[in-house]
Structure formats: structure tokens, C-alpha cells
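The block underneath contains the structure these notes are about, expressed in C-alpha cells.
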Amino acid sequence: METGLTMLDPKLLRTELDAVAEKLATRGFELDKAAFSALEEKRKALQVKTEQLQAERNARSKNIGKAKAAGEDIQPLLDEVADLGGQLDAAKSELAGLQEDYQALLATLPNLPHESVPVGQDEDENVEIRRWGEPRSFEFEVKDHVDLGEISGLLDFETAAKLTGSRFNLMRGGIARLHRALAQFMLNTQVDEHGYQECNVPLIVNDDSLYGTGQLPKFAEDLFKLNVDHDYYLIPTAEVPLTNILRDQIAQAADLPIKLTALSACFRSEAGAYGKDTRGMIRQHQFEKVEMVQLVHPEQSYQALEEMTGHAEAILQKLELPYRVLSLCTGDMGFGAAKTYDLEVWIPSQQTYREISSVSNCEDFQARRMQARFRSPDAKKPELLHTLNGSGLAVGRCLVAVMENYQQEDGRIQVPEVLKPYMGGAEYV
RNA sequence: GGAGGGCUGGCUGAGUGGUCGAAAGCACCGGUCUUGAAAACCGGCGAGGGUUUGCGCCCUCCCAGGGUUCGAAUCCCUGGCCCUCCA
């Protein structure tokens with residue numbers, strides 16, 4: 001009998017409870033081992049009992065069928081099973097209740113961190129892996145992108161607030177084009193140079209998809225839910241539709257790795273971000289992003305993580321934007337990630353690096369919930385894929401970085417060399 | 001908006017109350033044959049879960065959720081998706 005979907009491997013949880021609890025502790029998650037064991041013991045006893053009752057019912061029903069076919073009187077047999085149904089129903093509903101509790105507990109467990117992940121409490125303990133590029137020195141006082149946008153009048157937060165509300169933006173003219181140029185450049189690079197298949201995905205997904213990638217059930221408040229009959233949501237990232245393409249599918253080993261990319265709008269409620277990055281377009285309810293997703297053989301996933309990080313870095317290098325790469329510590333990683341690299345780009349007005357991409361290996365965490373599997377010719381059973389996702393890159397934040405890093409004293413923005421073909425050859429915006 | 005048809009294993013597709021987890025074909029795996037391969041023939045071949053040291057035994061699953069029944073892929077209800085025709 002099925003125990004339903006879980007996130008961590010339930011077998012691992014049963015057999016290696018101490019080790020699992022220890023690893024979860026590094027993420028600041030305390031697993032109540034006693035409660036879990038007690039629940040598990042009850043589950044086992046009840047499940048065995050329920051299945052026995054079902055086996056008995058099946059056997060007796062079969063006999064009734066045989067007796068009837070032989071023309072015998074089946075009434076005595078019917079009398080015998082009279083109370084079996086009631087017992088079975090009772091056992092079933094008790095078991096269902098228990099499994100609901102069990103699932104509720106499992107659903108709160110984040111993924112186990114990979115052994116190479118630095119142990120730490122929060123973002124202060126993330127480990128810098130490498131830096132690329134030198135922040136430019138300015139001979140004038142740098143302006144931030146909001147001021148730069150105001151000078152040209154082409155980045156307009158006030159009108160956007162009128163149209164919708166806070167955390168939206170209106171781009172026009174050269175800035176809108178620069179934004180589009182960035183998006184096209186990123187997508188072309190991932191498709192033409194890094195071998196991803198371009199996808200155009202639904203921006204609205206159902207709850208099954210969000211459950212598959214792990215946004216639900218825990219993080220519903222971060223999502224925009226549509227007010228319609230179905231459980232439809234705006235996507236917070238194209239990771240959701242892209243990864244769920246393989247939901248309930250069995251891929252052939254020869255087709256791996258599956259590399260997908262999409263340029264899409266993303267929508268986030270940013271609940272819990274009150275007062276954070278309220279100025280400018282760093283944190284918006286709607287933004288565009290080129291997302292990369294890979295579905296790979298488990299043995300290849302850590303190599304794929306390094307490659308994918310390189311695919312994101314390539315964009316910044318071609319744009320000649322200084323950045324650094326961090327390995328997120330156990331306490332700062334996302335719920336489903338086993339290991340994550342963040343790319344942070346230099347923002348001159350803040351004299352600091354800000355996140356522009358996050359690349360994660362989720363191992364089989366999402367694949368287990370999605371039942372995304374592959375079959376090897378030599379293996380009997382289908383195995384779970386490993387899933388990876390990463391931004392390549394966030395377009396809005398990249399626009400901020402380009403505007404600020406390429407600003408001129410008069411407020412114009414120099415067009416990065418690689419974007420010129422997308423800008424009709426213009427030197428400045 | 002109206003009327004009908006469909007959804008079954010990796011794929012195609014039979015199955016309308018009992019011995020059906022499910023014919024057949026394709027694909028796949030193993031064997032015979034062959035110098036090797038192909039063809040032919042023979043055999044195997046769904047998924048998830050429980051239990052067991054193991055062999056095994058058992059449970060669940062035929063779009064999803066309810067219902068009828070001793071017993072449901074099959075009958076009834078609700079929903080989803082796909083297709084055809086009409087407006």
C-alpha cells in the first residue's frame with residue numbers, strides 16, 4: 001500500500017534516523033526522533049493489520065465467485081463476511097489518519113545538505129569560492145539605477161505604482177530595449193553555446209506542479225494565487241514548469257542529460273520582505289529571468305552543478321561585470337537544495353555584491369515528489385533523476401548591474417560590447 | 001453555448017461485475033541458431049508499497065475523487081484532460 005509522496009527517502013529515514021537528524025540539524029532543523037519513531041511503529045502495525053484484512057476479504061470474495069459459478073448456495077458464505085467490511089473500513093480510516101500525520105511531518109523536512117556544503121547558521125557563513133573582474137573605479141560620484149533612470153526618464157517606478165502598486169516598474173525607450181537585449185543575449189547564449197533546449201512555458205501552473213518542485217505546501221504565501229475555480233498560480237520561476245515537464249515520466253538513460261531553458265516572467269508576492277530593497281528594481285513582484293534546468297543521471301549531478309554555474313558565469317563575463325561565487329552554507333540554502341552556488345554581481349552604488357543567480361542541485365528531492373525517473377538498460381527498476389536549476393540570469397537585476405557599472409558622468413549608459421548587435425549598434429542609451 | 005466519443009503497462013491497443021494486474025503487437029532483456037550480425041524460434045518483461053536474513057508472501061494502482069456490491073478496469077455520481085460534430 002502506498003504511503004504517498006515524500007521528500008526525503010522514507011526508507012533512509014527509517015534506517016538511518018540518527019544520521020538524518022544530524023544532517024538536518026546543520027540546517028537548523030530539529031527532528032523529533034522519538035515522535036517519529038513512535039509514529040512509524042504505529043504505522044507499521046496498523047498497515048500490516050489492514051493489509052491482512054484486505055487479503056482475507058479478497059480471498060473470500062474469490063471463493064464466493066467460484067461457488068456461484070459452481071451453482072452452490074452462497075448465502076452461508078455471504079453471512080460469514082458480513083462483519084468483515086466494517087472492520088476493514090475502520091482499519092482503513094485509522095491508517096489514513098495516521099499516514100496523514102506521517103506525511104505532514106515528512107513534508108516539513110528540508111533536503112539533506114551535500115557533504116561539501118559548509119556548515120553555518122546564516123548568510124554570514126556562506127563561503128566565497130572565487131571572484132572574477134575588478135570593480136571599475138569612477139572619477140565621479142556614482143548614481144544608483146533609480147537616479148540614472150530618472151535622468152533619462154526611461155525607468156519609471158511612479159507610473160508603475162499608479163498602474164499597479166509598489167514593486168513594479170515601467171521601462172521605456174532605450175532602457176526597455178536594453179532590458180530586452182539582455183534577455184535575448186542570455187537566452188541565445190544558453191541555447192547556442194551551452195546546449196539547452198529553448199522552451200516557452202506556461203506562466204500559470206497548477207498546484208501539482210508547485211508541489212513537485214517544492215514551493216507547495218510550505219511556501220504558499222510567496223506565490224500569487226489566481227482567483228479562479230482551479231488551483232492555479234503565477235509561476236515564481238520557470239524552474240517550476242521546466243522541471244515538471246518530466247513529472248510522472250520515465251526517461252531513457254540515453255536521453256540524459258536533459259537540458260532546458262526558458263525566458264519567462266516570474267511573479268513573487270515577496271511576503272516577508274517588507275522594507276527590504278524597497279528602492280529600485282532589485283526586488284519586484286514581476287521580473288524576467290532566463291532559467292536553466294537540467295535533469296541528469298545521479299552520478300553526474302555534481303559535475304552538472306559546476307557546469308551550470310559556469311553557464312551563469314559566462315553571461316557576466318561576456319558582459320564584463322565583476323562578480324563573485326559563493327557556496328551557500330547549510331543554514332542559508334533553499335528548502336529543496338542539497339548544494340547551492342550563488343552568483344553575486346558588483347553593484348557600485350551599494351559598494352557590494354548582490355545576488356543575481358542561484359544554482360542548485362536538488363539531487364532526487366524534487367524528482368521523488370514528481371516521480372521523475374529514468375531507466376537504464378542494465379537496471380531493472382526505473383531510478384529517480386537528479387534535478388538542477390539555476391538562473392542564467394535574472395534579467396532585471398542584470399539591467400541594474402549594467403546601468404550602474406556602465407554609467408557615464410552625464411547619466412547615459414554605455415552599451416556593453418556583446419549587446420550592441422541587439423541595440424542596433426548604439427553606443428549609449 | 002449545445003451534442004457525442006475517448007482516457008488501460010515504456011508505446012499501440014483488447015477487455016462491460018468474479019480465476020483480470022489485465023489479451024495481442026511493438027520496444028526491451030535472455031537463450032537457441034550463426035564466424036559475427038540480422039531474420040526466425042523459445043523464454044522473460046508494468047509501477048508503488050508492506051513484510052521477511054532469504055526464497056517468497058501480501059496490499060494498492062486500468063485519468064482523479066466519491067458511491068453501489070461479498071467482489072469494480074468493467075455499473076452509478078462528480079471533476080480533469082483530449083478528440084469530433086453543431087452553434
Side-chain angles (χ1 to χ4, degrees), chain A residues 1-15 36-37 39-103 106 202 204-212 216 226 228-233 241 244-256 258 295 297 364-385:
Chain A
M1 186 174 285
E2 283 195 54
T3 49
L5 292 171
T6 52
M7 309 175 174
L8 295 177
D9 184 353
K11 274 182 189 150
L12 192 69
L13 218 64
R14 267 176 242 153
T15 55
F36 180 83
S37 303
L39 203 54
E40 162 61 15
E41 234 167 85
K42 264 207 259 176
R43 186 223 103 236
K44 187 189 272 191
L46 195 53
Q47 184 164 342
V48 169
K49 180 184 158 195
T50 305
E51 289 186 1
Q52 273 172 355
L53 282 170
Q54 278 186 132
E56 193 179 338
R57 187 207 59 187
N58 290 347
R60 290 187 181 234
S61 290
K62 215 170 247 187
N63 283 336
I64 290 173
K66 279 184 191 166
K68 203 175 173 186
E72 295 167 20
D73 179 17
I74 59 170
Q75 193 53 46
L77 293 172
L78 288 179
D79 293 341
E80 269 177 43
V81 295
D83 63 327
L84 232 163
Q87 282 182 50
L88 184 57
D89 284 346
K92 264 187 184 167
S93 69
E94 198 186 341
L95 182 61
L98 203 59
Q99 281 181 336
E100 214 168 285
D101 295 345
Y102 196 81
Q103 282 307 310
L106 287 175
I204 296 170
V205 294
N206 59 34
D207 53 343
D208 287 337
S209 293
L210 288 158
Y211 192 90
L216 290 178
L226 297 184
V228 295
D229 287 345
H230 312 280
D231 280 327
Y232 281 175
Y233 297 81
N244 275 282
I245 289 173
L246 267 285
R247 170 151 56 87
D248 294 322
Q249 295 264 304
I250 300 176
Q252 294 300 319
D255 296 335
L256 304 179
I258 296 167
L295 299 116
H297 192 286
D364 63 12
F365 190 84
Q366 292 178 329
R368 180 171 293 105
R369 313 175 112 204
M370 285 193 298
Q371 287 300 298
R373 295 171 291 173
F374 73 100
R375 192 189 299 275
S376 299
D378 47 321
K380 278 209 157 112
K381 294 191 167 232
E383 300 169 61
L384 293 170
L385 290 162

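In what follows, chains carry the letters A, B, and so on, assigned in the order in which the sequence lines appear, proteins first and then strands, with residues in each chain numbered from 1.
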Residue list, side chain to side chain contact (heavy atoms under 4.5 Å, CB included) with A/Q87, at least two apart or on another chain: A/L53, A/D83
For A/E56, all residues meeting salt bridge (Lys or Arg N to Asp or Glu O under 4.0 Å), sequence neighbours excluded: A/R60
Residues in side chain to side chain donor-acceptor pair (under 3.5 Å) contact with A/D207, at least two apart in sequence or another chain: none
Non-neighbouring partners of A/S209 that pass side chain to side chain contact (heavy atoms under 4.5 Å, CB included), sequence neighbours left out: A/V205, A/N206, A/V240, A/N244, A/R247
Contact under 4.0 Å: A/R373 side-chain N or O vs B/G48 OP1/OP2: yes
Please tabulate, one pair per line, each protein N/O and nucleotide N/O from nucleotides 71-73 of chain B that are separated by under 3.5 Å, including the distance.
unit_1	atom_1	unit_2	atom_2	d
B/G71	O4'	A/S61	OG	3.1

Qualifying residues under side chain to side chain contact (heavy atoms under 4.5 Å, CB included), relative to A/L77, sequence neighbours excluded: A/I64, A/A67, A/E80
Non-hydrogen side-chain atoms of A/R368 and A/D9 separated by less than 4.5 Å: yes
Euclidean distance for P, B/A38 against B/U51 (whole angstrom): 44 Å
P-based separation of B/G49 from B/U34 [nearest Å]: 45 Å
Atom-pair distance (CG on A/L95; P on B/U60), nearest Å: 12 Å
B/A14 versus B/A73 - spacing of their C1' atoms, nearest Å: 12 Å
Sugar-phosphate, base or nothing in reach of A/K11, heavy atoms under 4.0 Å: sugar-phosphate
Ionic contact status for A/K44 with A/E41, cut-off 4.0 Å: no
Whole-Å gap separating P (B/U60) and CG (A/L53): 12 Å
Listed partners of A/I245 passing side chain to side chain contact (heavy atoms under 4.5 Å, CB included), at least two apart: A/L242, A/L260
Contacts of A/D79 that satisfy side chain to side chain donor-acceptor pair (under 3.5 Å) - sequence neighbours left out: A/Q75
Separation of atom CZ in A/R247 from atom C1' in B/A64, rounded to whole Å: 13 Å
B/U12 - base-pair partner by Watson-Crick or wobble geometry, distances under 3.5 Å: B/A24
Close N/O contacts between protein and nucleotides 51-58 of chain B (under 3.5 Å):
none

Base partner of B/C81, which must satisfy Watson-Crick or wobble distances under 3.5 Å: B/G6
Along RNA chain B (nearest heavy atom to each residue), the more 5'-positioned of A/R60 and A/G65: A/G65
Separation of the P atoms in B/A47 and B/U84, to the nearest angstrom: 34 Å
Whole-Å distance separating the CZ atom of A/R368 from the P atom of B/G48: 12 Å
Separation of B/C70 P from A/L88 CG (nearest whole Å): 14 Å
Beyond-backbone contact of A/L98 with A/E94, side-chain heavy atoms, under 4.5 angstrom: no
Whole-Å P distance, B/C57 and B/G21: 15 Å
Between B/U16 and B/A3 - C1' atom distance, rounded Å: 24 Å
Whole-Å P distance, B/U19 and B/U12: 26 Å
Between P of B/U69 and CG of A/L84, the distance in whole Å: 16 Å
Partner nucleotide, any strand, of B/U68 [Watson-Crick/G-U, under 3.5 Å]: none
Rounded distance in Å between the C1' positions of B/G66 and B/G80: 15 Å
Opposite nucleotide pairing with B/A40, Watson-Crick or G-U, both atom distances under 3.5 Å: B/U32
